[in-house]
Amino acid sequence: RGLVKFYRDIFARFVGMGFRKFKLDLFGGPRANVRELYRCAYEAITDIDPTVEIEGHQPDIFASRPPAVRWNTFGQP
């Protein structure tokens with residue numbers, strides 16, 4: 001499980017520095033591939049410390065011609 005070990009080596013440093021939450025924004029092609037990346041990262045981080053909070057988000061691609069309304073900023077100046 002090379003990818004889990006790779007992630008464990010990376011995240012162990014941050015957990016050791018006191019980080020308690022990770023928000024992962026990964027993009028790696030088809031959703032099935034990205035879900036596997038998240039699964040490996042989750043397994044690695046919870047192996048280090050199961051109390052660490054992990055949030056995953058798969059970014060979307062947004063393209064539009066003006067005027068455009070982004071719903072995630074609705075109501076903000």
Side-chain angles (χ1 to χ4, degrees):
R1 312 260 329 170
L3 190 55
V4 173
K5 182 187 178 327
F6 175 75
Y7 282 145
R8 191 178 301 119
D9 292 344
I10 291 171
F11 287 106
R13 296 179 200 147
F14 292 99
V15 173
M17 287 186 274
F19 285 76
R20 307 309 307 154
K21 180 174 183 174
F22 295 98
K23 182 175 187 281
L24 308 175
D25 292 337
L26 301 174
F27 184 78
R31 286 187 183 268
N33 294 356
V34 176
R35 277 194 299 266
E36 180 63 14
L37 296 175
Y38 282 122
R39 191 197 62 71
C40 291
Y42 180 84
E43 181 180 331
I45 295 168
T46 56
D47 282 351
I48 298 164
D49 184 342
T51 66
V52 172
E53 193 175 338
I54 306 161
E55 180 181 331
H57 171 67
Q58 187 165 359
D60 61 336
I61 297 171
F62 177 79
S64 178
R65 294 182 185 181
V69 176
R70 291 294 304 248
W71 286 102
N72 59 348
T73 59
F74 185 75
Q76 297 178 6

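None of these values were measured; they are calculated from a predicted model.
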For Leu26, what are the other residues in its hydrophobic cluster, where any two members join if their side-chain heavy atoms are less than 4.5 angstrom apart?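 Leu3, Phe6, Tyr7, Ile10, Phe11, Phe14, Val15, Met17, Phe19, Phe22, Leu24, Val34, Leu37, Tyr38, Tyr42, Ile45, Ile48, Val52, Ile54, which link up through side-chain heavy atoms under 4.5 Å apart, make up the rest of the cluster.
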I need the Lys5 NZ to Asp9 CG distance, nearest 0.5 Å. 3.5 Å
How many angstroms lie between SG in Cys40 and CZ in Arg8, if you round to the nearest 0.5 Å? 10.5 Å
Pair listing, side-chain hydrogen bond (donor to acceptor under 3.5 Å, both in side chains) test, anchored in residues 26-35, at least two apart: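 Those involving residues 26-35 are Arg31-Gln58.
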